[in-house]
Amino acid sequence: MKTLMLGNEAVARGLYEAGCCFVSSYPGTPSTEITEYAAKYEELYAEWAPNEKVALEAALGAALAGRRSFCGMKHVGLNVAADPLFTASYTGVNAGLLIGVADDAGMHSSQNEQDSRHYAQAAKLPMLEPSDSAEAIAFAKLGYELSEKFDTPVLIKMCTRVSHSQSVVEPGERVVPERRKYEKNPAKYIMMPANAKRRHPMVEARTEALTEWAETAEINRLEPGEDASVGIITSSTCYQYVKEAFGDTYPVLKLGMIWPMPVRKIKDFAGTVKKLIVVEELDGFIETHCRNLGLTVSGKELFSNIGELGQNLVKEKLGGEAQRGVLLDETIPARPPVMCAGCPHRSIFYVLKKLKLTVMGDIGCYTLGAVAPLGAIDTTVCMGASVSGLHGFVKAGEEGTAGRTVAVIGDSTFIHSGVTGLINIAYNESNATVIILDNSITGMTGHQQNPTTGYNLKGDPCTKIDLESLCHAVGIRRVRVVDPYDMETCKAAITEELSADEPSVIISRRPCALLKYVKHPGPICSDSEKCKGCKACMNIGCPAISMENGKAKIDDTLCVGCGVCKQLCKFDALR
C-alpha cells in the first residue's frame with residue numbers, strides 16, 4: 001500500500017526491509033529521525049552513542065560480527081567519525097555497513113555549510129544520494145548490496161530538504177540475509193602499516209570496479225528532453241528543482257551514485273547536447289569531475305556555492321521566467337529564535353553577563369545565550385570546543401584571565417566531547433571553571449536521551465552517568481551543583497569558583513522546561529499598579545514577558561512560573 005513518508009523515515013524503512021539488525025547514531029539535525037524511526041522496529045537494535053566516532057566504530061563492529069548495520073549523523077558529525085571512516089575503507093566489511101550523513105545547506109540548524117561528498121572521494125567510498133523518499137528506501141537497500149558485493153562501507157547522503165519532506169513510497173517486506181560468519185583475518189582487519197600497504201591497492205581497484213558499475217547502474221539515469229540545446233547533470237534535491245522548473249524540456253542525467261561517478265556515461269551525454277550545465281548545491285563537485293574529463297561545462301558561475309538552491313533560482317539562471325509570490329501589504333516582523341519560557345539556561349547567562357565574563361560557548365540550544373538581550377557568549381566553534389578552548393584561553397591569556405573566563409556546555413555535549421577537554425584541564429592544570437548546563441536531555445535535536453539521563457533510545461531504564469563522580473574521577477576536586485532558577489546562589493558559586501586557585505566544575509541542574517514530566521507551579525502575575533516600567537524583567541529575554549502601555553505584561557499561556565523575573569523586579573510587581 002502506497003503512503004507518504006519523510007525522507008528520514010524512508011531511510012529507516014529501507015534499513016528495516018534490507019534486514020539491518022544494528023543501528024548506532026548520535027542525534028544531529030537533519031539526520032536524527034532516521035534513527036528514531038528505526039528504533040520503532042522491534043527487529044532492529046537501535047541506540048544513541050555518546051558521539052559519532054563511537055557510533056561508527058560500534059556499527060563497524062556489528063558488521064564484522066556478520067549483521068547488517070547502520071550509523072547515522074549530520075554533516076559535522078562526519079568530521080567526528082572521520083578517523084574510523086577512512087580506515088574502514090581499507091578494512092572493508094563482513095556484513096553490509098551503511099553510513100548515513102545529512103548535509104544542512106542553508107545552515108538551518110548548523111554552525112557551518114559542509115559538502116559531505118568530499119568525504120566519499122577522500123575516503124574512497126561509494127556514496128548514494130536519493131532525491132526523494134522512494135529513492136531513500138531503494139538506495140538504503142541497494143547500499144547493503146553494494147557494501148557486501150564490493151566489500152566496503154557505503155555512504156548514503158541526505159540533505160535537509162530530502163530528509164524533512166514527504167513523498168510517496170510503497171513499503172515492502174523485511175528480508176534478513178543469513179548471518180555472515182566472522183573469520184579471523186589479521187591481514188584484512190589489523191591496520192598496522194604492513195597490512196595497510198597491501199590493502200591500499202585493493203581500495204583503488206575497488207574504486208575502479210565501482211566506477212565501471214556506475215556506468216550501467218539504473219540509479220544513474222538519462223531522462224530525455226525536447227530541447228537538446230541544454231543538457232543538465234544533477235542529483236539529490238536539485239534534481240527536483242530542475243524537474244519542477246523545466247519538466248521534460250531539457251535532457252537530464254540524474255546521478256544517484258555521486259561517487260564514484262561514471263565516465264563514459266557523462267561523456268556520451270555531453271556529446272548529445274550543445275551546452276552542458278551542472279545544477280548542484282554547495283561545492284562544484286560534479287562540475288569538477290566533468291572538467292577533469294575534459295568537458296566544457298557551466299555550473300558555479302551560474303549557481304552559488306553558498307546556501308540552498310530553489311525552483312525559481314534554477315529557472316532564472318537557465319533563462320526561464322520565475323514564478324513570483326504576492327507581496328503582503330504589511331511587513332512581517334522578524335522572529336529570531338529565543339530560549340523557551342522557563343528555560344533553565346536563561347538565568348545562568350544573565351548572571352554571566354552581569355559579571356562581565358568571557359564565555360566560551362558550545363553547540364546546543366543554549367547557544368541562544370549569544371543573542372540579545374543576553375549576549376553572554378563569546379565563542380561557539382564545535383562540539384566540546386568550549387572546554388578545550390577555555391584551557392588554551394586561560395593558559396595563553398593575560399594575567400587574571402582565569403578569574404574572568406568560563407566555559408558553558410550541555411550535558412549531552414559534555415559526554416560527546418567535553419569530558420576529554422576537562423581531562424586536559426585537570427592533567428595540564430589550568431585554573432579554569434567549566435559550567436555544565438545539565439537540563440537532563442539532549443534538547444536542541446528534539447529531546448533525545450543521552451548517557452546522563454538514565455534512559456536509552458527506546459525509553460528503557462539504563463545506566464546513568466553521574467556527572468559529579470565523572471568530574472571527580474578525571475581529577476577535578478572542586479565540583480558543585482546549583483539550581484539555575486536561584487540567581488543569587490548561582491552568582492555566588494561562579495564568583496567563588498573563579499577566585500579559586502585550581503580548576504572547578506559547576507553543574508547547573510534543572511530539567512528542560514518542555515519535558516512532559518516536569519511540573520510547573522503556574523504562571524507569574526504582573527501587578528500594573530506596582531510596575532514602574534523600568535523594564536528590568538525584559539533583560540532576561542523571556543518570550544512570556546512583554547510591555548503594554550509602559551507596564552510589564554505576562555503571557556500566562558507561555559509562562560511556566562520559573563520565578564526568575566521576580567528576582568529582577570525591585571518593586572514586587574511580579575508575584
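Along the sequence shown, the residues carry numbers beginning at 1.
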- Message: Among residues at least two apart in sequence or on other chains, which ones pass side chain to side chain donor-acceptor pair (under 3.5 Å) with Glu135?
- Response: Ser131, Arg221, Lys254
- Query: Please, which pairs that meet salt bridge (charged side-chain N to carboxylate O under 4.0 Å, His left out) have at least one residue in residues 144-153, sequence neighbours excluded?
  - Reply: Arg68-Glu148, Glu148-Arg180, Asp151-Lys188, Asp151-Arg199
- Item | Counterpart residues, ring-ring contact (aromatic ring centres under 6.0 Å, His included), relative to His200 (two or more places apart) | Tyr90
- Message: Are Pro130 and Ile156 packed together at the side-chain level, in the sense that at least one heavy-atom pair is separated by less than 4.5 angstrom?
- Response: yes
- Message: Which residues pass the salt bridge (Lys or Arg N to Asp or Glu O under 4.0 Å) test with Glu244, not counting sequence neighbours?
- Response: none
- Message: Taking Leu255's backbone N and O only, do any of them form a donor-acceptor pair with Asn220's side chain (distance below 3.5 Å, no angle check)?
- Response: no
- Item | Listed once per pair and sorted, the ring pair (Phe, Tyr, Trp, His ring centres under 6.0 Å) pairs that draw on residues 231-257, sequence neighbours left out | Phe246-Tyr250
- Any pair with a residue in residues 96-138 that passes ring pair (Phe, Tyr, Trp, His ring centres under 6.0 Å), sequence neighbours left out, goes on the list, sorted by first then second residue, please. His118-Phe285
- ring pair (Phe, Tyr, Trp, His ring centres under 6.0 Å) pairs touching residues 41-61, sequence neighbours excluded, are Tyr16-Tyr41, Phe22-Tyr45
- Message: Applying side chain to side chain donor-acceptor pair (under 3.5 Å), can you list everything that pairs with Ser412, at least two apart in sequence or on another chain?
- Response: Tyr26, Thr442
- Hits for ring-ring contact (aromatic ring centres under 6.0 Å, His included) against Tyr366, two or more places apart or cross-chain, chain-then-number order -> His345
- Output, in order, the C-alpha distance, side-chain angles, deciding distance and verdict of side-chain hydrogen bond (donor to acceptor under 3.5 Å, both in side chains) for Thr29 and Lys74. CA-CA 6 Å; Thr29 306; Lys74 68 184 294 179; 5.7 Å; no
- Mind jotting down which residue pairs meet the salt bridge (charged side-chain N to carboxylate O under 4.0 Å, His left out) criterion with at least one end in residues 409-421? Sequence neighbours excluded, please. none
- Query: Which pairs with one or both residues in residues 98-118 pass salt bridge (charged side-chain N to carboxylate O under 4.0 Å, His left out), sequence neighbours excluded?
  - Reply: Asp103-Lys157, Asp115-Arg117, Arg117-Glu280
- Could I get the full list of side chain to side chain donor-acceptor pair (under 3.5 Å) partners for Lys243, not counting sequence neighbours? Glu223, Asp248
